[in-house]
Structures are given as structure tokens and as C-alpha cells.
Number of protein chains: 2
Amino acid sequence: MGRRRSDAITLRDVARLAGVSIATASKAINNRDEVAAATRARVLRAAAELSFRPNVLAQGLVAGRTRAIGLLTDELDGRFAIPILLGAENALSHQEMSVLLCDTRGDAIRRNHYIRTLLARQVDGFIIVGDSNDVHLSLTADIPVPVVYVYCRSTNPADLCLVSDDEGGALLAVEHLIALRRKHIAHITGPQSWRAARDRAAATCAVLHDHGLMLAGGQPLHGEWSQHWGRHATRLLMATTPEVDAIFCGNDQIASGAAQALADLGRRVPDDVAIVGYDNWEIFAADSKPPLTTVDLNLQQVGETAVRHLLAALDGTPASGVFRQPCRLVIRESTA
Amino acid sequence: MGRRRSDAITLRDVARLAGVSIATASKAINNRDEVAAATRARVLRAAAELSFRPNVLAQGLVAGRTRAIGLLTDELDGRFAIPILLGAENALSHQEMSVLLCDTRGDAIRRNHYIRTLLARQVDGFIIVGDSNDVHLSLTADIPVPVVYVYCRSTNPADLCLVSDDEGGALLAVEHLIALRRKHIAHITGPQSWRAARDRAAATCAVLHDHGLMLAGGQPLHGEWSQHWGRHATRLLMATTPEVDAIFCGNDQIASGAAQALADLGRRVPDDVAIVGYDNWEIFAADSKPPLTTVDLNLQQVGETAVRHLLAALDGTPASGVFRQPCRLVIRESTA
DNA sequence: CTGGAGATCGAAAACGATTTCGACAATGCG
DNA sequence: CGCATTGTCGAAATCGTTTTCGATCTCCAG
């Protein structure tokens with residue numbers, strides 16, 4: 001089991017083994033000058049031999065050591081969290097700051113556990129990544145460091161939330177298809193229980209209406225976020241509404257499935273039917289056949305923005321409210 | 001910038017604001033008994049008001065607080081690291097222990113930075129995830145806590161490394177195909193520069209040879225780890241060696257591409273050509289058309305094993321050497 | 001009213017570190 | 001040789017926190 005109190009190796013032990021005072025040992029280990037090279041070597045050797053590990057102590061505050069932020073994510077497969085992590089790290093590359101990612105599995109108990117753990121380990125702020133779906137109960141009151149919510153809304157309007165501009169993304173996709181003179185645009189997307197799916201579907205209908213068009217098939221096709229649903233829905237769609245000449249899909253997996261189904265049906269992409277995906281999950285979208293035009297969420301920028309807000313809050317100028325991260329259309333062969 | 005020394009809020013301030021002694025404040029905040037409910041509430045309110053954050057101190061060692069391990073990964077997209085993380089967390093779910101994931105981008109400087117950061121934050125051990133490709137320079141000497149290497153070998157044979165049993169995985173796949181009476185088995189895989197690709201290719205040839213068979217096409221087809229390469233290689237293969245009745249692919253993306261190309265060529269899967277993938281990347285393999293039989297790396301078990309070794313080392317019984325994690329064949333429709 | 005028993009709290013010691021400052025020796029320089 | 005400078009080191013002060021232990025208060029049975 002855990003080391004008992006007596007096992008803990010303290011600076012005193014190191015100093016004794018090296019034959020120096022505690023003060024000198026401290027200086028040697030912390031790379032301060034005022035200590036001869038030979039002495040330093042002796043101390044370091046003793047520390048290594050004893051597997052000495054400093055007991056943190058004031059380090060965090062007194063000596064202004066390396067700082068860190070915690071990134072808590074509900075999302076299991078890392079598809080969204082990882083790019084956000086990369087963006088956050090990029091934004092911190094000039095600072096001497098680290099990002100620690102923890103997986104909460106959408107479990108409040110686990111999340112609180114990690115928050116305690118990370119606070120005890122002196123993180124200077126949190127980025128909390130939701131599933132873009134339901135609202136997060138505000139944790140800010142319980143956390144003595146700045147918090148930024150990403151891909152979720154907080155129950156407290158004074159919190160800072162960064163969300164994706166779903167309406168804007170749908171607008172980009174649909175207007176792109178309209179610019180290609182497509183008249184019969186369908187929408188296949190994820191479960192209606194997802195807010196993102198609902199918002200994009202509503203925006204899609206609204207944009208079409210603004211251009212005097214109707215959604216092909218009459219209404220959005222809600223299903224799973226999977227290739228399988230993409231294939232299935234596309235077959236249904238083409239059977240009932242064969243005049244469809246474009247499909248806007250709720251994510252790249254659905255889009256990939258749609259492309260496969262169209263190939264099976266002998267429809268050419270993009271000549272007969274154009275396809276637009278969503279998320280720009282590179283490994284999927286760029287490697288599909290044909291490569292997919294898709295809406296990029298700018299996740300790295302989201303990570304960078306979150307960090308910038310966190311740093312601003314640490315400097316005493318916190319922001320609040322809901323910020324929408326604009327999306328970006330990546331054009332590939334599926335509409336080219 | 002960072003809070004200056006004078007800004008730091010100490011327990012003394014909290015105690016003063018709450019009108020109690022430092023000792024009582026400490027007890028209240030640490031949920032010890034010996035303190036009346038009303039007093040505790042007053043202290044907590046004061047602490048919240050001042051955004052008090054304890055200065056760690058002895059906490060980590062003295063009071064046996066929550067412990068943590070660091071998981072450092074080179075791998076960008078989280079496909080391997082995340083399941084390992086989940087497995088590690090599962091193994092720790094009974095302990096009060098946390099897993100902190102950091103992204104090193106295969107960069108030694110960044111890795112060292114994170115090691116320092118995490119050591120200063122009192123992690124009790126490290127899991128270092130490589131890219132399964134080249135050897136890792138041993139870090140164990142510089143780290144005063146146990147280290148387990150996963151998916152890489154260390155330069156120091158005394159280190160503990162957990163690697164995937166690539167030969168065993170290839171054996172599972174090929175023998176499965178042979179049991180289905182396939183006689184013309186081809187192998188499409190990733191770049192020859194990847195050790196995993198080379199090892200599996202060699203094992204594939206060896207197993208075929210043991211059964212008196214030859215690799216269809218004469219030699220393994222090395223290319224990228226992409227659907228695109230899977231499609232391209234399959235077209236080449238079927239053009240030059242039309243008698244192929246099974247393809248063992250180096251990962252699920254290649255396998256998915258192969259399935260697409262076979263569909264385009266009018267070959268039925270699995271009736272005409274069976275396909276086996278590798279990695280069991282669920283979102284890809286299970287959602288492909290048809291769903292892919294594939295080799296599962298048991299990544300969660302790897303994570304659990306790594307944690308168990310770490311806990312054993314913390315208890316004073318470290319292991320060393322190279323352990324091979326056996327793989328598992330997941331049978332789906334592409335060979336059913 | 002008396003005398004415990006138990007709850008509550010604070011003074012002071014302990015703890016594991018860092019930092020200040022004075023002691024001391026070696027060195028340089030005239 | 002005398003004297004100042006410089007480099008090294010340790011005793012002691014300091015820091016923020018936890019823990020021990022004795023003092024005080026409340027409550028209630030006798």
C-alpha cells in the first residue's frame with residue numbers, strides 16, 4: 001500500500017547522505033548558484049540514490065514554478081477534445097504552461113474528483129469540454145480558479161462559454177450548395193435529442209427558405225451519427241425523392257455513408273449529387289471517396305480562445321457570456 | 001501576470017475573516033471533525049469569498065491525499081492513447097487515483113517539460129505511450145517514480161515495456177482466413193518504415209508458409225495507413241492477381257478501403273474475397289460495409305496492465321522486461 | 001449545585017521545504 | 001605580507017499548513 005509516513009524521503013535524508021546541510025542540498029537541487037559544482041553533483045547523486053522527490057510545498061506559489069491548466073472532457077473518443085487540447089497547447093507554447101487532460105465520462109462524481117485532484121495539484125484554471133448537447137450545471141462557484149466552458153452552456157449566465165456557431169456552419173454549407181445551383185437539397189443528420197442536430201437542421205430550413213427553396217424530402221432525416229445511418233437514409237431518400245441533387249450531412253461519418261450509398265446506386269458525386277459533411281474529421285473526410293467538402297469547427301482556435309480567456313481571467317479581466325466560434329467551409333471533391 | 005507574493009491568500013487570511021484560529025480553519029476546510037457545523041460553514045464561506053486555495057504543502061505525503069499517475073503520449077489523434085487511458089482509469093476505479101494525460105507530440109523537450117510539471121505536482125508514476133515504432137530512450141534514470149513504457153521499447157532492458165503481440169495478431173488473422181479455406185491470401189499494410197507493419201508482414205508470411213501456402217501477390221503491399229491506399233492497392237492486386245480470395249489488412253482504414261474497392265469491382269465480401277482488418281477501431285470497423293472482422297489490440301487491458309505494474313512498483317515489487325499483450329480476433333461480416 | 005462527559009477551539013509544536021545572512025577559506029593584488 | 005574580493009556553505013529565520021494537546025464551554029444526571 002501507500003508509503004507510510006516513515007518511508008517518505010525528505011531533504012534532510014539527502015543532505016545527510018551527501019554530507020551537507022539541508023540548506024545546501026536545497027540550493028543544489030534547485031539549481032541555484034552559491035554551490036560548488038562538486039557539491040552539487042554529490043547532492044544530486046544522493047538524491048537520485050534515495051529517489052528523493054521534493055514535497056512541493058510553497059514551490060507553486062513562492063518560487064513561481066511552472067503553471068498548468070486542467071482540461072476536463074466528457075467526450076470519450078477524443079475526437080473533439082484532442083484538437084482543443086492541441087489548440088490550447090499552441091496558445092500556451094510561449095508561456096511555460098502545461099495542459100493536463102482528464103476524462104470525466106460525463107460523470108459528475110468523476111468530474112468533481114478530478115477537479116479536487118487538479119486543484120490540489122495547483123492548476124491555475126480549467127477548461128471544461130461538454131458534449132455540445134445539454135447545459136452544464138455551473139461549477140464556477142465551487143472552483144477558486146477561472147473556468148471556461150467549451151461546447152456546452154453553463155447554468156450561470158455569468159460564466160464564460162465557447163460554443164460552435166451551428167447556425168453559421170449550416171449557413172456556410174447550404175449557401176455553398178445553392179451557389180452550385182443545386183435545387184433539391186436534403187439534410188441527413190444525427191438524433192433529434194442532440195441540440196446541435198436540431199439547431200443545424202432548423203438553420204438549414206431557414207436558409208433554404210430565404211432562397212425560396214424547400215428542404216428536399218420535406219424534413220430533416222434524424223438518425224444516428226454513423227455511416228450506417230448515412231447509407232440507409234440515403235437509400236430511403238433516393239427512393240422517395242429521386243430528384244435530390246445535394247445532401248448536407250450532420251457529420252462526416254453520415255456523409256461518408258451517403259457517398260457509399262450513392263455510388264452503389266450509380267449516382268455520381270458530385271456530378272449528380274453533391275455532398276457536404278460536418279466536423280472536418282480529417283482522417284475520415286479527406287480520405288473518403290470522394291474526399292468530402294465539410295464544415296470545419298475550428299477546434300484548435302476554440303482551444304486557443306479558451307486559453308486566452310483563461311489567461312485574461314488570471315490577469316484579473318475575466319469575460320462572461322456565450323461566445324460563438326465561427327466555422328469554416330473546407331471544399332473538397334464531393335462538391336468540386 | 002502571475003500573482004505576486006503579496007496577493008497569495010493564506011489560511012491565515014481565511015481564519016481572520018472567519019474569526020477563528022488557523023488551526024480551526026485548517027480542520028474545517030479539511031473536513032475533520034472536532035469542528036462545529038456552524039463554524040465550518042463560516043470558514044468555508046470565508047474561504048470561498050477569498051478564493052482561498054491551499055498551498056499543497058505536505059498534503060501529498062503527510063495526509064495521504066488523492067494520488068495520480070501521468071500518461072504521456074506521442075500519439076496525436078488519441079486513437080490509441082484514449083483506450084489506454086480508459087483502461088488505466090478502470091484499473092484505478094477502486095483506488096482513489098487519477099490519470100492525467102499530456103500530449104508530448106513526440107517531442108523530447110515537451111516530454112521533459114511535462115515530466116517536470118507532473119513531478120512537481122506529485123504524480124506517483126508514469127505511463128509513457130510511444131508510437132509502437134522506434135525505441136524510446138530510457139527516461140527511468142531521471143524519474144524518481146516508477147515508469148511503464150507502452151507501445152515502445154526502452155533503451156534500458158531493466159525498464160518495463162508493454163508491447164502488442166504483432167506476430168500473434170497476424171497469426172490470429174491468417175489462421176482465421178485459412179480456417180475459412182482461403183488459399184490466396186494477400187496482405188496490404190502500412191509503410192515499411194513502421195516496425196509493426198514489418199513484423200506483422202513477416203509473421204503473415206511465416207504462418208502461410210507453415211500451412212504450405214504462399215502470400216498472394218508474392219509480397220506484402222506496403223503503403224500508407226489510409227483508406228485511399230487500401231482502395232488503390234486492392235485495385236492493383238485484383239488486376240494482377242485476380243484469384244485472391246482473402247486480404248489481411250494492416251489496419252481498419254486500409255481494410256475499409258479494400259472493401260470499397262472490391263464492391264466497385266463487383267466482388268462480394270466475404271463470399272468472393274474475405275477481409276480482415278487490424279486495430280478494431282470500432283467507429284470504423286463496426287460501421288464499415290460490411291462490418292469488418294479485425295484484430296483487437298486489447299488496448300484497455302494494456303492500460304490496466306500498465307497500472308497494475310505501476311501499483312506493484314509502488315509497493316516495492318517492480319517488474320522489468322518486455323511483456324507482449326496478446327490480441328483478440330473480433331469476427332464480423334467481412335469473413336462471416 | 002456539583003461533577004463529569006463530550007464537544008469545540010486555539011496555542012504551540014511539527015513538518016518539509018526555501019531564503020537570508022554571517023562565517024570562513026581561497027584567491028588576487030599591491 | 002596585508003587586505004579586499006569572491007566563492008561556498010550552514011545556522012537560523014521564515015513560510016503555509018497540519019497535528020497535538022490542553023483549556024474552555026455546554027449539557028445533563030445525581
Side-chain angles (χ1 to χ4, degrees), chain A residues 2-47 50-66 116 119-122 124 144, chain B residues 2-47 50-66 116 119-122 124 144:
Chain A
R3 47 184 65 100
R4 276 183 313 288
R5 170 61 159 283
S6 52
D7 322 6
I9 286 159
T10 139
L11 192 56
R12 183 195 318 280
D13 305 321
V14 177
R16 186 160 39 216
L17 180 59
V20 298
S21 75
I22 302 180
T24 304
S26 170
K27 285 180 255 189
I29 286 183
N30 289 56
N31 270 332
R32 309 196 76 78
D33 29 8
E34 281 198 28
V35 47
T39 313
R40 162 166 297 134
R42 219 166 59 238
V43 172
L44 290 180
R45 193 149 9 96
L50 295 174
S51 299
F52 169 71
R53 200 146 57 102
N55 195 7
V56 175
L57 181 64
Q59 277 197 355
L61 287 176
V62 172
R65 283 314 159 87
T66 59
R116 279 203 313 276
L119 281 176
R121 285 177 169 72
Q122 300 282 101
D124 301 282
Chain B
R3 47 184 64 98
R4 275 183 313 286
R5 169 63 157 281
S6 52
D7 320 6
I9 287 159
T10 139
L11 191 56
R12 183 196 318 279
D13 304 322
V14 177
R16 185 161 41 214
L17 180 60
V20 297
S21 74
I22 300 180
T24 304
S26 170
K27 284 180 258 194
I29 285 184
N30 290 55
N31 271 333
R32 310 196 74 78
D33 30 8
E34 283 199 26
V35 48
T39 313
R40 163 165 298 134
R42 218 168 58 241
V43 171
L44 291 181
R45 191 149 12 93
L50 295 174
S51 299
F52 170 70
R53 200 146 57 103
N55 195 8
V56 175
L57 184 62
Q59 277 195 355
L61 286 177
V62 172
R65 282 318 160 83
T66 59
R116 279 203 313 277
L119 281 175
R121 286 177 170 73
Q122 299 283 99
D124 301 282

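What you are looking at is a predicted structure, and each value in this text was computed from that prediction instead of being measured. When reading the values below, keep in mind they use all heavy atoms of this one structure, side chains included, and skip hydrogens, waters and symmetry mates. All chains are named by letter (A, B, ...) in the order of the sequence lines, taking the proteins before the strands, and each is independently numbered beginning at 1.
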For the pair R40(A) (side chain) and R32(A) (backbone), establish whether a donor and an acceptor sit closer than 3.5 Å, ignoring hydrogens and angles.
yes
So, is S26(A) close to the dA17(C) phosphate, meaning a side-chain N or O under 4.0 Å from OP1 or OP2?
no
Distance in angstrom units between L11(B) CG and dA14(C) C1', rounded:
16 Å
Rounded interatomic separation in angstrom, taking CD from E34(A) and C1' from dC21(C):
10 Å
I'd like to know whether L11(A) forms a side chain to side chain contact (heavy atoms under 4.5 Å, CB included) with I29(A), so could you lay out the CA-CA distance, the side-chain angles of the two residues, the decisive distance to 0.1 Å, and finally the verdict.
CA-CA 10 Å; L11(A) 192 56; I29(A) 286 183; 3.9 Å; yes
For dC9(C), does OP1 or OP2 lie under 4.0 Å from any side-chain N or O of T39(B)?
yes
Side-chain N or O of R32(B) less than 4.0 angstrom from OP1 or OP2 on dT19(D)?
yes
Considering every strand and a 4.0 Å limit on heavy-atom distances, what is the contact class for A23(B): base, sugar-phosphate, or nothing?
base
Between dT19(D) (P) and K27(B) (NZ): distance, integer Å
10 Å
Please determine whether a side-chain nitrogen or oxygen atom of T10(A) lies at a distance below 4.0 Å from atom OP1 or OP2 of dA17(C).
yes
Here the distance between atom P of dG16(D) and atom CD1 of I29(B), to the nearest Å, is 14 Å
Measuring from atom CZ of R16(A) to atom CG of L50(A), what distance do you get when rounded to the nearest 0.5 angstrom?
9.5 Å
Protein-nucleotide distance (R16(B), atom CZ; dG10(C), atom C1'), rounded to Å
16 Å
Figure out the CD1/P separation between I22(A) and dC15(D), and round it to whole Å.
18 Å
In whole angstroms, how far is the P atom of dG16(D) from the CD1 atom of I9(B)?
12 Å
So if I take every side-chain heavy atom of S21(B) and compare against dT17(D), dG10(C), dT18(C), which nucleotide ends up nearest?
dG10(C)
Got a donor-acceptor contact below 3.5 angstrom from the N30(B) side chain to the K27(B) backbone?
no
Begin with the C-alpha distance, continue with both residues' side-chain angles, and end with the deciding distance and a verdict on side chain to side chain contact (heavy atoms under 4.5 Å, CB included) for R42(A) and L17(A).
CA-CA 9 Å; R42(A) 219 166 59 238; L17(A) 180 59; over 6 Å; no
Can you tell me the distance, in whole Å, between the CZ atom of R12(A) and the C1' atom of dA12(D)?
14 Å
Check every atom of dA17(C), dG16(D), dT8(C) against the side chain of F52(A) and return the nucleotide holding the closest atom.
dA17(C)
Sugar-phosphate only, base, or nothing, as touched by T24(B) at under 4.0 Å among non-hydrogen atoms:
base
